[in-house]
Amino acid sequence: MYKRLRLVQDYGGRIVMQEYQQMITRQKRWLFYYLIIVVVGTVATSFHSIFNGLLLGSVVSSFNLWLLQCRVQKLGEAVVKGKKTMGIGTIVRFTLIVLTLFIAETFAQYFHFFAVIAGIMTMYVVIMIDALLFQLKD
């Protein structure tokens with residue numbers, strides 16, 4: 001049922017999971033398109049606080065996704081090499097989310113609180129859409 005991950009070596013001799021790298025590229029592309037739509041919505045509409053909240057949450061979500069991808073890459077390399085590694089940075093990501101919600105609550109006139117929450121959730125939506133489309137492709 002599960003495919004075996006193909007491991008290749010890049011120029012630095014690191015072990016790279018080919019499918020994982022493709023997934024990262026697809027997810028970054030989805031988030032980039034989404035961020036462009038949110039920026040256009042911020043500039044072009046009169047719903048500034050909502051789109052500002054979406055933008056703030058989405059930027060934090062994008063950073064959290066990037067952080068998660070980097071940590072998972074390091075974890076995969078450590079497992080293949082038989083080394084021990086630290087966690088995947090859950091505490092750091094949750095701290096960023098709490099800090100973002102604090103900023104949204106402090107500057108409520110600029111950021112719609114529920115829009116910030118919706119923006120933070122974009123990372124998970126992108127992961128689910130990517131996984132669904134990748135499964136439908138196979």
Do [X] and [Y] belong to the same hydrophobic cluster, where Ile, Leu, Val, Met, Phe, Trp and Tyr are linked whenever their side-chain heavy atoms lie under 4.5 Å apart, directly or via other members?
X      : Y      : result
Leu133 : Val126 : yes
Ile129 : Met121 : yes
Phe32  : Val59  : no
Phe51  : Val39  : yes
Val125 : Ile127 : yes

### Message
I'd like to check the side chain to side chain contact (heavy atoms under 4.5 Å, CB included) partners of Met23; sequence neighbours left out, ordered by chain and number.
### Response
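Side chain to side chain contact (heavy atoms under 4.5 Å, CB included) list for Met23, sorted by chain: Tyr20, Arg26, Gln27, Asp130.
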
Distance in Å, [X] [atom1] paired with [Y] [atom2], rounded so as to fall on 0.5 Å steps:
X      : Y      : atom1 : atom2 : value
Arg93  : Met123 : CZ    : CE    : 5.5 Å
Gln69  : Lys74  : CD    : NZ    : 13.5 Å
Tyr124 : Asn64  : OH    : CG    : 6.5 Å

### Query
Would you find more than 12 non-hydrogen atoms of other residues, nucleotides or ligands less than 6.0 Å from Ile91 atom CD1?
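12 or below, so no.
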
### Task
Grab the two heavy atoms, one from Gly119 and one from Ser61, that are nearest each other, plus how far apart they are.
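Closest approach of Gly119 to Ser61, heavy atoms only: O-CB, 3.4 Å.
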
### Task
For residues Val60 and Leu96, report the shortest heavy-atom separation together with the two atoms involved.
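Closest pair (atom of Val60, atom of Leu96, distance): CG1-O, 4.2 Å.
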
### Message
Between Ser49 and His112 (side chain of the first, backbone of the second, donor and acceptor by atom type, cut-off under 3.5 Å), is there such a pair?
### Response
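Not at all, since once roles are kept as given, no pair shorter than 3.5 Å links the two residues.
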
### Task
Carefully, step by step, assess Ile24 and Lys28 under the rule side-chain contact (heavy atoms from CB on, under 4.5 Å).
CA-CA 6 Å; Ile24 288 174; Lys28 284 180 184 178; 3.6 Å; yes

#### Entry: Contact check, side chains of Trp30 and Leu65, non-hydrogen atoms, under 4.5 Å
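SC-SC contact between Trp30 and Leu65 ruled out.
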
### Message
Quick one, Tyr34 with Leu54, criterion side-chain contact (heavy atoms from CB on, under 4.5 Å). Give me CA distance, side-chain angles, the key distance, then yes/no.
### Response
CA-CA 10 Å; Tyr34 175 75; Leu54 282 173; 3.6 Å; yes

#### Entry: ILVMFWY clustering at 4.5 Å (side-chain atoms), partners of Phe114
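Traced through the cluster, Phe114 reaches Leu56, Phe94, Ile97, Leu99, Leu101, Ile103, Phe107, Tyr110, Phe111, Phe113, Val116, Ile117, Ile120.
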
